[in-house]
Number of protein chains: 2
Amino acid sequence: MTAASIRARVRAEMTDEIKAVARRHLATDGANLSLRAVARDLGMASSAVYRYFASRDELLTAMIIDAYDALGSTAEAAVGGTGFTDRFLSVCHSVRDWALAHPHEWALIYGSPVPGYQAPRDTVGPAVRVILVIGRIVGEASAAGEAAAGEPIGGKLGDDLAFVAEQTAPGTPPQLIARAMGAWIHLCGAVSAELFGQLNNTIEARREFFELQMRGAAAMISRPL
Amino acid sequence: MTAASIRARVRAEMTDEIKAVARRHLATDGANLSLRAVARDLGMASSAVYRYFASRDELLTAMIIDAYDALGSTAEAAVGGTGFTDRFLSVCHSVRDWALAHPHEWALIYGSPVPGYQAPRDTVGPAVRVILVIGRIVGEASAAGEAAAGEPIGGKLGDDLAFVAEQTAPGTPPQLIARAMGAWIHLCGAVSAELFGQLNNTIEARREFFELQMRGAAAMISRPL
DNA sequence: CCCTTGGCAAGAGCAGTGCTCTCTTTTGTG
DNA sequence: CACAAAAGAGAGCACTGCTCTTGCCAAGGG
């Protein structure tokens, strides 16, 4: 009916269906899911799937983008509470909760890159959403005087950080951006450590441990070195 | 000649040779290296390799243990300098340098776990070596009064941390252990972020950025929340 | 309303994989 | 030195990603 013809609509639906089944397989087989198995589950020939995704890598790319977007919206929706620490912790827990619910998708986006695989440009947009959320919170905290800047950073690193600041939260001092990125790295590291088994046989009180870590990260942001 | 007969020695040499070739393949193909391809490189039938490793997973396990050990000795050898921060930074940089030199081996041990793969007990010993190094440095700093403990931690998490303290650096307050683990997580997160492409198109001054992050982690340890 | 054409699905096929089984050869050792 | 144990080779099974060819079918223009 619309300019996007019936064909296009059916095609989009089929594409979504393939992705849905692939996501199910992802939950059991991880990144080495089989395109043929997905096709079998859909009752179609494996060659037919290639009408929708030119290769297995392209399917994976689609799932990576979806995962980034899902995590991104989760984080964006989680910005609640008042005061910097509460808002930050809220985001952290939402990220961790999502990761615990979708471990293989987390592994897909924050785990080791698939060997022969090169992430295309399309992934960078969705990929930065969660760091953007953190950047925004930190920016607001900075504007509200909740976070001191500390000593300025020079050299190439200073330029890099200034550029990120401009893109993320204009007006925020680069030093703060560095600490925000530190918090984000710490967040991803903590979630990955828990998910990838680095805490096995060591820490049982996972949630408490995570919260402690993220409180440390929040404190790191509030006070300069 | 020895109690370990000639057969056993030849077998050990062959095993090492297979691992060496596999490590070379790891550098190009990552975790999905092909046992058959390794066999081809060695000029032997693929079935012959199964005399040495019962499965591809077992080969991977061997490489994981080797990687943990290589990284562990690197970190242990890097404890130099005087004062907590210097010693800590020295270890951090040695870990990062090793990871940059052996990215796929890093991915093998700190990246997403191989899907159907369960790490056997043999890996836990080598796996804890680097966190042990950090724990020891922090313990010494604590003993030297370079790191205040801060508020005690109760509940299950407190017990967990006390247990880790006992195993790692006896006499160190659990709160400090928590911060040491935080630093370790931050370290792994920073290296993984750099290696897995999370910093692409953002931070060019990688080493400076890393150092800044690790200085933050060091400061985090020195002062309580 | 018909008929063309563009898109879709199916199947066979290729090269490669992990792993098993059987058979033969080698080789250290009692 | 004879022999048993260890090692290697090769075929084979079920699977993979991907390509190519063939047949089909309906959407949309005339």
Side-chain angles (χ1 to χ4, degrees), chain A residues 1-19 21-22 24-26 28-64 104 108 113-118 120, chain B residues 1-22 24-26 28-64 108 113-118 120:
Chain A
M1 300 291 170
T2 71
S5 61
I6 298 186
R7 273 237 164 89
R9 232 201 43 192
V10 171
R11 184 181 175 82
E13 279 171 11
M14 193 69 211
T15 305
D16 283 349
E17 206 167 335
I18 294 175
K19 286 201 289 185
V21 174
R24 237 171 45 213
H25 279 224
L26 200 66
T28 64
D29 300 335
N32 52 14
L33 61 83
S34 150
L35 209 147
R36 283 179 117 116
V38 171
R40 262 199 303 275
D41 268 25
L42 285 163
M44 67 193 332
S46 68
S47 56
V49 178
Y50 284 85
R51 296 261 163 210
Y52 299 90
F53 296 94
S55 69
R56 206 190 70 121
D57 276 6
E58 199 170 283
L59 212 192
L60 280 183
T61 299
M63 322 231 30
I64 286 175
H104 285 96
L108 208 55
V114 183
Y117 175 79
Q118 172 80 351
Chain B
M1 299 294 168
T2 72
S5 58
I6 298 185
R7 271 239 164 86
R9 232 202 43 191
V10 170
R11 185 181 174 82
E13 279 170 12
M14 193 68 211
T15 305
D16 282 350
E17 205 167 336
I18 294 175
K19 286 201 290 185
V21 174
R24 236 172 44 213
H25 279 223
L26 200 66
T28 64
D29 300 336
N32 53 14
L33 61 85
S34 151
L35 209 146
R36 283 179 117 116
V38 171
R40 260 198 304 276
D41 267 26
L42 285 162
M44 67 195 324
S46 68
S47 55
V49 178
Y50 284 84
R51 298 262 169 216
Y52 299 90
F53 296 95
S55 69
R56 207 190 68 121
D57 276 8
E58 201 170 281
L59 212 192
L60 280 183
T61 299
M63 322 230 30
I64 287 174
L108 208 56
V114 183
Y117 174 80
Q118 173 79 353

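In this text the structure is predicted, and so the values were computed from the model without any measurement. Order of the sequence lines sets the chain letters (A, B, ...), proteins ahead of strands, with each chain counted from 1.
- His25(B) contributes atom NE2, which lies 10.5 Å from atom CG of Leu35(B) (distance to the nearest 0.5 angstrom).
- Expressed to the nearest 0.5 Å, how far CD of Glu13(A) lies from CZ of Arg9(A) amounts to 5.0 Å.
- Here CZ of Arg11(B) is found 10.5 Å from CZ of Arg7(B). Values are rounded to the nearest 0.5 Å.
- Side-chain N or O atoms of Arg56(A) include one that pairs as donor or acceptor with a backbone N or O of Leu33(A) at under 3.5 Å.
- Remark: Arg11(A) is not in phosphate contact with dG7(C), judged by side-chain N or O atoms under 4.0 Å from OP1 or OP2.
- Within a heavy-atom distance below 4.0 Å of DNA chain C, the residues of residues 44-52 of chain A found are Met44(A), Ala45(A), Ser47(A), Ala48(A), Arg51(A), Tyr52(A).
- In plain terms, the two heavy atoms of Met63(B) and Ala22(B) that are nearest each other are SD-CB, 3.5 Å.
- By the 4.5 Å heavy-atom criterion applied to side chains, Val38(B) and Val49(B) are not counted as neighbours.
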* **Worked check of side chain to side chain contact (heavy atoms under 4.5 Å, CB included) between Asn32(B) and Asn32(A)** => CA-CA 9 Å; Asn32(B) 53 14; Asn32(A) 52 14; over 6 Å; no
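- What separates CG of Leu35(B) from P of dG16(C) is a distance of 16 Å, to the nearest Å.
- Partners of Asp29(B) according to the salt bridge (Lys or Arg N to Asp or Glu O under 4.0 Å) rule, which considers only residues two or more places apart in sequence or in another chain, do not exist here.
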* Arg24(A) and Asp41(A): CA distance, side-chain angles, deciding distance, side chain to side chain contact (heavy atoms under 4.5 Å, CB included) verdict -> CA-CA 10 Å; Arg24(A) 237 171 45 213; Asp41(A) 268 25; 3.2 Å; yes
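- Within residues 53-64 of chain B, no residue has any heavy atom closer than 4.0 Å to DNA chain D.
- To the nearest 0.5 Å, atom CE of residue Met44(B) and atom CZ of residue Arg51(B) are 10.5 Å apart.
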* Pair Lys19(A)-Phe53(A), side chain to side chain contact (heavy atoms under 4.5 Å, CB included): steps then yes or no -> CA-CA 10 Å; Lys19(A) 286 201 289 185; Phe53(A) 296 94; 3.8 Å; yes
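- Rounded to whole Å, the distance from CG on Asn32(B) to P on dG16(C) is 16 Å.
- Nucleic acid contact class of Leu33(B) (heavy atoms, under 4.0 Å, all strands): sugar-phosphate only.
- Using a 4.0 Å cutoff to heavy atoms of chain A, the contacted part of DNA chain D runs 5' to 3' from dT16(D) to dG28(D).
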Pairs: protein N or O with nucleotides 24-28 of chain C N or O, under 3.5 Å:
| residue | atom | partner | partner atom | Å |
| --- | --- | --- | --- | --- |
| dT27(C) | O2 | Arg7(B) | NH2 | 3.1 |

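- Scanning for salt bridge (Lys or Arg N to Asp or Glu O under 4.0 Å) contacts around Asp16(B) gives an empty result, with sequence neighbours left out.
- Taking each heavy atom of Ala31(B) and Leu108(B) in turn, the nearest pair found is CB-CD1, 4.0 Å.
- Taking 3.5 Å as the limit, the base of dG18(C) and the side chain of Arg36(B) contain a donor-acceptor pair of atoms between them.
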